[in-house]
Structure formats: C-alpha cells, structure tokens
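This report refers to the structure that appears directly beneath it.
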Amino acid sequence: MMSANKKHFTTAIVGVLVALSVIALVLSLVKTEDVTLPPTVKYGMVFDAGSSHTSLFVYEWDSDKENDTGVVSQTLSCDVHGQGISSYANDPPKAGDSLRECLDEALKVIPAAKQRDAPAYLGATAGMRLLREQNSSAADQVLAEVAKTMQGYPVAFKGARILTGEEEGAYGWITINYLLDSFTKYSPKAHMWVHPEVANIFGALDLGGASTQISFMPEGSGIKQNGASKLTLYGYNYSIYTHSYLCYGQNEMLKRLAKELIVESPSSTRVHHPCYPKDYNETISLSSFHTSPCTNWTDTRLTLGDGKVTLEGRGNASGCQAALKKLFNFSACGQRQDCTFDGVYQPPVSGQFIAFSAFYYNFKFLNLTEGQSLATIRETIQHFCTRSWEDLSSSYPEENPERLPKYCANANYILTLLLDAYKFNETSWNNIIFQMKAGSANVGWTLGYMLNLTNMIPAEAPAQMKGHVPSLWAAAITFIILTLVLGLAALLLLLWV
Ligand SMILES: *[C@@H]1O[C@H](CO)[C@@H](O)[C@H](O)[C@H]1NC(C)=O
Ligand SMILES: *[C@@H]1O[C@H](CO)[C@@H](O)[C@H](O)[C@H]1NC(C)=O
Ligand SMILES: *[C@@H]1O[C@H](CO)[C@@H](O)[C@H](O)[C@H]1NC(C)=O
Ligand SMILES: *[C@@H]1O[C@H](CO)[C@@H](O)[C@H](O)[C@H]1NC(C)=O
Ligand SMILES: *[C@@H]1O[C@H](CO)[C@@H](O)[C@H](O)[C@H]1NC(C)=O
C-alpha cells in the first residue's frame, strides 16, 4: 500500500510536470509569434554629387538579414535638377536648395516611423575635387550648405564629404560584386555559404564627367607598387587594383581637346574640330578654360585672353582619334607594359568587367551595348562620325541638342581609353559588359559606400542560415511531449498503486 505521503509526493510531481508543460507550450507560442512577425525594413540614402549632376538613391533591406549578401534593393532614384553642386561655388546656398526636391521625394517613399533611423550620406566626386584644388574655401562652403539642407530633414544625416578617386573606384567594384552575388552565395543544397570562383569577380569601369576609374582583381602574383587595396569581405581577402584619373572624365576631356585644338592653330578665331559633326559650330569663350584646373595650365604657345573662338565640325573619325590620343602621354610609359599613360602603373586587365555610367550611356545611344565585336563597334562609330549635323538633328529630334554633337568624340574617347590606355585587346574586349543596372539597382559607387559605412558587409563569413528556428521548435515540441508522457506515466503509476 502507498502511504499518504507518497501519494502527495506523486501528485506534486505530476503537478510540477503539468505546469512545466504548460509553461513550455506558452513559451513556444511566444517564440512562434517572434518568428512570424514581419521583418523590419530599414532604409538608407546616398546622394551622388557628380561633376555635372547630382542623383539621390534610396535603398531598403530587411534588418534581420542585413549581413547577408544581395539583400539591399533600390527603392528610389531621383535626379536633381540643374548642374552639379560644384557649379554653385559662387552661391553655395543654392547647392543646398538644389537637393530639396529629391529629399521630399525620398520622404514620400520612406514610412514616417522609419525616417529618423534612415542613414543619409552625400558623397561628392571629381567635380568637387577640382573645385577644392581651385578654391578650397569655396568647396568647404558648398559642402557646409548641402549638409545644412540635409540636417533640416527628419533623417539620420551621416555626413557630406568628397570621396577620393580610389574610394570611388573601390565602392563601384563592391557595388557590382555585391549586386551580382559574387562575394558569397548561399547554397541550399550544401546548407552553407559558399565562395564562388574568384574568376566570377567582376571588374568595374566608371566614366564620369571629370574623372574615370578602373578597379579589378589582377591575376596571379597580383599588385606591386601602390594602387592596391586590400579588402576583407565575408571572410575572404581581396587584393584589388584601383586607379582614378582626374581630368579624364568625358566633359573635362572635351574641354582639354578644344583647348589643344585652339592652341595648335594660334591667332585663329575659327578652328576645325575633327570630332564634331560637319556643319556644326560651337562658339566658346577662352575664359571658360580658366574655370577648371584641367585646362587652366599656362601654355607658352598661347596666352588665353577673353576672346571667343568658333569650333567648326569636320566629322573626321580618324582625325578625331588622332587628336584624342594627344591628350594622353603614352611616351611617359616608355616600353613598360604594366603602364597606361602619364607613367601610371596598372597590372594587365583580367576577368570580366562591367562598364557603367558614361561608358554605358554613350554606347547605349549608339546601340553598342549588345556585345558586338570590336570590329563592328569601330565601324559603327566611324560611320556615325561622318554624319552631318543636319542629318543627326533631324534623325534624333528627341535627343538633347547639347549632347548629340558629342557622341562621336565620346565614343572615340572610350575606344582610346579602353584599348590604348588600359590595353584591352580584340579578345579581352569581349569580357566587357556595358550595363547600367544589376537587378533593381543602378550600378555606381553609392551602394558600396552605404554598405561599407553601415557595416553591412562583415569581414567574417555569414553565420549559417537561420536554421535555429526549426531546431528550436523541435526542442520545444520534444520537451512538451516528453513532459506529457512522463506526467501520464506518473499518473498511471499513481492510480495503479
Ligand atoms: C551583423 O554583423 C555584425 C558584426 O559582425 C553584428 O554585430 C550584428 O549583430 C549582425 N547583425 C545581424 C542581424 O546578424
Ligand atoms: C574662393 O571662394 C570664395 C567663396 O566663394 C570667394 O570669396 C573667394 O574670392 C574665392 N577665391 C579665389 C581665389 O577665387
Ligand atoms: C610626357 O612625359 C615625359 C616623361 O614624364 C615628359 O618628358 C614629356 O614632356 C611629356 N610629354 C608631354 C607632351 O607632356
Ligand atoms: C539604335 O537602334 C534604334 C532602333 O533599332 C534606331 O532607331 C536608332 O537609330 C539606332 N541608333 C543609332 C545611333 O544608330
Ligand atoms: C570600409 O570601412 C572600413 C571601416 O569600417 C574601412 O577600414 C575600409 O577601408 C572601408 N572600405 C573601403 C573600400 O574603403
């Protein structure tokens, strides 16, 4: 016979077990709610303050996945009306005002409750680098004004600054490889993050108005001398070569070309321009060369007055190429193969490249972004250059008349830069993809910049997939069942004895 004490003891055990199972059940329900809650969306924004214009990009991502790769998407891109912020050097508050329209757009797409947590950056590139060179206090004032405007909005302002050319190149490279999942990829089969072949890493070719950047991972022994950036991303080390050429953006290049042509035919007010279409004339004032350090050099061949010169288009493709080549000092490299021009070191190009910004826009207009062979591309450009201004303006009435006469020069410049300077050849040319977007996002430096500054690209490999949720469930259920079985057993034992 069981004693009364023993009976009480058994009842107590059963009670405790039942209570425990109830607690476990409640806990698991609470946990379920956690798991099924919608993920929190976060937002961030970056102004790309370029030399000729400014754009704003708004990004969003799930905060519980922020260390994964490829989770950030682009919510909005907004083009600021007017010129780049460096053009407001004489009236800095206008630089700040120019951003308002896009900031208002951004606040429309970011829910009010998320705005104060949204990091907001402004990065300025070569246009501001040039202004700083010319008048650093004017550059500081422009930056102070854009910062003041951004601080007036309910966002988490994180700074307005001028990027170095190397940062611009490296962040473009990060953006591309992040968007194309080339750093790390989750393999559902292996249940782990795998590191794709190094051969799947893309290089970045960026052409702006005032500078151009090349960034890639060189093959084999890698990089000697300076120009190397070492990055550790998702547990892997990357040694990338990046170089930025100030004054080699397409607008500064055109200005330098015009100045060179004028210098070569002194005391003439009418100068032949081989890259402009036949019958197209452009009158420029010589004082405009003083506004940029790229053309403000003193030249003994010419004392630039305040006069005006008319550039007369000649539509001569080969003359255009020859004139463009003179903008590069190839002889400064001597016989060195690991050298582009002006004595700049570059290891041989290797791997695939994405060519974006003005590389893309010019080739897109000429329908050359479909992977055509180099021979076809040369032929198309050559033919385009021979078309008269009358022909062009009637064939492309929709095209901006400021831009239309410049495609011949820009396209030939792209060929010279890629082939003669960077030394792509007939074969490696086919590794260049002309592309503006990857997925939903624009290719450019802004996304890489935000990812880096918000620490969203960890140095370590990502943690294993969020597999702990099912295992937690399994543990909870096992515990509940075990508790119930034990309780039942105890109850039976109690009744039995
Ligand atoms: C992301 O990584 C950082 C540093 O590695 C860590 O502190 C943070 O908790 C991680 N965030 C998430 C959501 O995993
Ligand atoms: C530099 O910019 C400031 C502010 O715009 C202006 O007052 C000053 O005259 C400029 N200096 C030169 C040398 O142009
Ligand atoms: C090119 O570079 C070399 C070596 O730096 C220099 O001697 C030469 O004057 C430069 N040529 C031009 C046209 O600037
Ligand atoms: C590009 O292709 C379109 C459509 O085929 C054509 O209308 C246009 O003229 C082409 N542009 C050039 C510059 O050849
Ligand atoms: C990214 O940020 C880290 C600091 O968080 C810095 O050390 C690193 O150089 C940055 N990466 C690039 C490409 O500038």
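Ligands are counted one by one from 1 in listed order, and the atoms in each one are counted from 1 as well.
- Partners of S87 by side chain to side chain contact (heavy atoms under 4.5 Å, CB included), not counting sequence neighbours, listed by chain and number: Q83.
- For a threshold of 3.5 Å applied to N or O pairs, the pair formed by S331 and ligand 3 contains no separation below that value.
- Classified by interplanar angle (parallel below 30°, tilted 30° to 60°, perpendicular above 60°), the ring pair F363/W429 is tilted.
- Atom numbering of ligand 4 starts at 1 in the shown order; those under 4.0 Å from a heavy atom of F365 are 11 (N), 12 (C), 13 (C).
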Table of N or O contacts for ligand 2, cutoff 3.5 Å:
residue, atom, partner, partner atom, Å
ligand 2, 2 (O), N135, OD1, 3.3
ligand 2, 2 (O), N135, ND2, 2.3
ligand 2, 5 (O), A89, O, 3.4
ligand 2, 11 (N), N135, ND2, 2.9
ligand 2, 14 (O), N135, ND2, 3.4

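- Of the charged side-chain nitrogens involved, none lies within less than 4.0 Å of a carboxylate oxygen, so that D97 and K94 do not count as a salt-bridged pair.
- The ligand atoms of ligand 4 that sit less than 4.0 angstrom from a heavy atom of Y396 are 9 (O), 11 (N), 12 (C), 13 (C), 14 (O).
- Applying the ring pair (Phe, Tyr, Trp, His ring centres under 6.0 Å) criterion to Y178, with sequence neighbours excluded, gives no partner residue.
- Taking the ring pair (Phe, Tyr, Trp, His ring centres under 6.0 Å) definition, one finds that Y413 meets it with F328, sequence neighbours left out.
- The SG atoms of C339 and C333 sit under 2.5 Å apart.
- By the neighbour-count criterion of 12 heavy atoms within 6.0 Å, atom CD of E312 is densely surrounded, having more than that number from other residues, nucleotides or ligands.
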